[in-house]
Amino acid sequence: MRWSQYFIPTLREDPADAEVVSHKLLLRAGVIRQLSAGIYSFLPLGQRIALKVMQILREEMNRIGGQEFYLPALHPAEVWQESGRWSAIGDDMFRLKDRKGADMCLGMTHEEIVTTIARNEIRSYKQLPQVWYQIQMKFRDEPRPRSGLMRLRTFIMKDAYTFDVDWEGLDRSFIDQREAYKRIFTRCGIRFSIVEASSGSMGGSESNEFVARTDAGEDLIASCPNCGYAANLEKATSRLPKIEDDAGPDGPDGSDGPEEFPTPGVKTIEDLARTPYLVAANRQIKSLVYFATIDGEPRPVLALLRGDHQLHEVKFGDALGSTAARPAHAEEIRELLGASAGSLGGVGAKANARKSNHNLLIVADLGLKDRRKMATGANKDDHHIRGVEIERDIEVDKWADLRTVESGEACPRCDTGVLEVFKGMEIGHIFKLGTKYSESMGANVLTADGKQAPIIMGSYGIGVERIITAAIEQSHDADGIIWPKSITPFDVIVTITNIKDEKLREAGEQLYKDLQHAGLDVLLDDRDERAGVKFKDADLIGIPYRVTVGKKIADSNVELFDRQAKQSENVAINEIVERVQKLALSA
RNA sequence: CGGGGCGUAGCACAGCCUGGUAGUGCGCUCGGUUUGGGACCGAGAGGUCGGAGGUUCGAAUCCUCUCGCCCCGACCA
């Protein structure tokens, strides 16, 4: 392409709306323009980049036997009602009505669609396994789109679905996908980690998240440098030193059972840890009231944790099988337990709740297991209880891992590792779905022994825009983007320093043709601009190699500039094509 | 949905508090001088001041409502 005719609207200054580096550079380099919150256009440069990424996705999917589909973006409500997700998913789904008034939605993912096809067409285990995929637009009405292409309302996603006759088959399909994902991200030049993650509303038994390590990311990952354990904080666990509670009475007066004592003005864990009470935070029970939607019904839930631990709401939701949980309001808490938030506790909480006709569920973190002689609120303002032995004194309905892992805690998998917590961006997610969709939607096959069985499914997604974002976050400098060679919009840019100089112009044009014939994507900067402007622009849009056609043409030389290394060298003009070809096409 | 911020020329911003001819830099057009890391001089074009209503002789500026965008939180496959 000739830059003089090509649309690359670069900006000298950072747009005011952009916060993260990738967003600023995508706008400044003329890759994208915003239409609305979370909705962007790919400009020609952006489209080239996206096509490169999609080509890699295609190649790697095809390599593991994937078959590409083109699936509808507009869906009738029926299929989503069948799977149960029409009601399970809230405002994240774009919903609309057609002219007849029938409910429709824009697809946020396509499990329902492929399952519909599978149940109509696949009859026998002999037709399995199948690996289907699509690379298409998805729609999600994000409550808060942000950070350029990081969190979008419409975006391109590669989604793959596998269908197997048994769980062993699913395991194989899952591993195939995981290996393909490793190749994809490696080819795209992204440094990533594979982490254990919560399956959330996708359902299913096991999931791996692919995370690009970057401070611009929104996810927190705990990982062990020693054994390689890595998990999203919504799933991560750690080994805690065991606390031995001494035997014998707890109260100062020698009483053993739970004993109420006055604590005027005490509202927090810290308050109770201070003089005159001096109850260490790890001897206290933190009590949090939530309303969680379970099986479609909002229910009050009391979450109990050690005083020095933090609740992780995703783990909490997972433990309850809840799709939505929110902290209770102050008035709700008072109505439910008869005290304000600073004085709550599990002892007698169920009875208190029954008085106001509520069926309170109590979930306790595993860190409280076997603990005794603990202190907690008395469900009576300005009073606490001490000497609490949890199993004896509190009606716990469910024990679960609810706490947030912190940096520096011991690795759960190995003996010596210490966890570090870092930020990352989710760029891919693979799920073992199992039979969630095949059962609800009736996708069965006849097995070898002649019985009907639901197809075992998996689902595997990659966000194209997120790959682009991650690549920039991980590869840029003060001058602009540095594209990985695999996804760069152009392999090389030929910069003619002075377009009015006929000699330079001719040499540049010839080089442009020669490089194209060598199979490279070439951008010719033939604009009537000063050299400095062209150099700055070339750096900004991040083409890996620049060939400068300038003064040195007198010695039959051109200059080869390496964007990554920021170094240039003189190369004889009759050697430059081969040189660039070798460089650009090497991985 | 809660909290905060911002909407003035293509971009970045000033002007608003204290109402009275709408400005600056970059970019753009034309002419000239320049020509290897975002040149210089001169002359220009370009703005319903997000929108609606109100107060006022007079509103970018004050008031009310509204729309949009960004950030934090909540939420999120």
Side-chain angles (χ1 to χ4, degrees), chain A residues 9-20 23-24 27-28 30 33-40 85 88-93 107-112 138-148 150-153 155 157 159 161 197-204 207-210 218-219 232 234 290 293 313-314 317 322-327 329 426-431 433 436-437 458-463 466 478-480 495-501 504 525 527-540 546 548-553 558-559 561 566 568 570:
Chain A
T10 59
L11 303 172
R12 289 195 182 199
E13 292 176 86
D14 283 336
D17 282 348
E19 197 88 358
V20 300
H23 190 194
K24 289 179 186 173
L27 289 167
R28 285 193 54 208
R33 283 296 182 266
Q34 182 173 35
L35 180 62
S36 179
I39 305 178
Y40 287 81
R85 291 207 293 178
I89 291 173
D91 295 335
D92 275 15
M93 185 149 68
M108 25 188 351
T109 176
H110 283 74
E111 279 79 7
E112 281 79 358
K138 308 271 172 169
F139 301 85
R140 295 182 190 178
D141 195 358
E142 288 287 344
R144 197 182 143 206
R146 69 187 100 171
S147 304
M150 188 120 70
R151 185 163 288 271
L152 294 164
R153 295 201 291 173
F155 56 95
M157 190 162 172
D159 240 348
Y161 304 94
S198 164
S199 307
S201 74
M202 288 294 292
S207 88
N208 281 169
E209 216 172 64
F210 289 73
E218 303 173 309
D219 287 0
N232 193 304
E234 48 190 51
Y290 274 75
T293 305
E313 292 194 2
V314 173
S322 159
T323 47
R326 60 159 180 91
H329 302 135
E426 180 183 358
I427 48 179
H429 206 152
I430 57 179
F431 300 88
L433 292 177
K436 174 180 161 111
Y437 296 90
S459 152
Y460 319 86
I462 289 182
R466 288 207 171 171
D479 292 317
T495 301
I496 300 171
T497 57
N498 185 352
I499 203 69
K500 286 178 182 149
D501 184 323
L504 297 185
D525 194 346
R527 293 175 298 167
D528 184 12
E529 288 286 351
R530 295 168 65 86
V533 172
K534 299 191 192 188
F535 293 156
K536 286 286 184 191
D537 269 346
D539 287 351
L540 178 60
R546 186 183 81 216
T548 307
V549 179
K551 288 171 188 161
K552 289 159 190 164
I553 203 77
V558 290
E559 203 172 285
F561 178 79
K566 292 187 103 165
S568 55
N570 294 331

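On a predicted model such as this, the values are computed, not experimentally measured, just so you know. Chain identifiers are assigned alphabetically (A, B, ...) following the order of the sequence lines, protein sequences preceding nucleic acid strands; residue numbering begins at 1 within each chain.
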**Q.** Beyond-backbone contact of A:I553 with A:V558, side-chain heavy atoms, under 4.5 angstrom
**A.** yes
Q | Among B:G37, B:C76, B:U35, the one nearest A:D92 by side-chain distance | A | B:C76
Q. What pairs with A:E313 under side-chain contact (heavy atoms from CB on, under 4.5 Å), at least two apart in sequence or on another chain?
A. A:Y290, A:L311, A:P327
Q: Give a yes or no on whether the backbone of A:M150 and the side-chain of A:R466 come within a donor-acceptor separation of less than 3.5 Å.
A: yes
Q: Taking only the side-chain nitrogens and oxygens of A:Q34, find out if one of them lies under 4.0 Å from OP1 or OP2 of B:C70.
A: yes
Q) How far, in whole Å, is B:G32 from B:C17 if one measures between their P atoms? A) 47 Å
Q.
Strictly distance-based, threshold 3.5 Å: is any side-chain N or O of A:D525 a donor or acceptor partner for the main-chain N or O of A:R527?
A. yes
Q) Hey, does the side chain of A:S36 come within less than 4.0 Å of B:C69's phosphate (OP1/OP2), counting only N and O? A) yes
**Q.** Donor-acceptor contact present, side-chain A:R153 to main-chain A:D141, <3.5 Å
**A.** no
Q) Contact class for A:R546 (heavy atom, under 4.0 Å): base, sugar-phosphate, or nothing? A) base
Q. Are A:K551 and B:G36 close enough that a side-chain N or O sits under 4.0 Å from OP1 or OP2?
A. yes
All N/O pairs under 3.5 Å across the protein-nucleotides 23-32 of chain B interface:
residue	atom	partner	partner atom	Å
B:G25	N2	A:E13	OE2	3.1
B:G27	OP1	A:R12	NH2	3.2

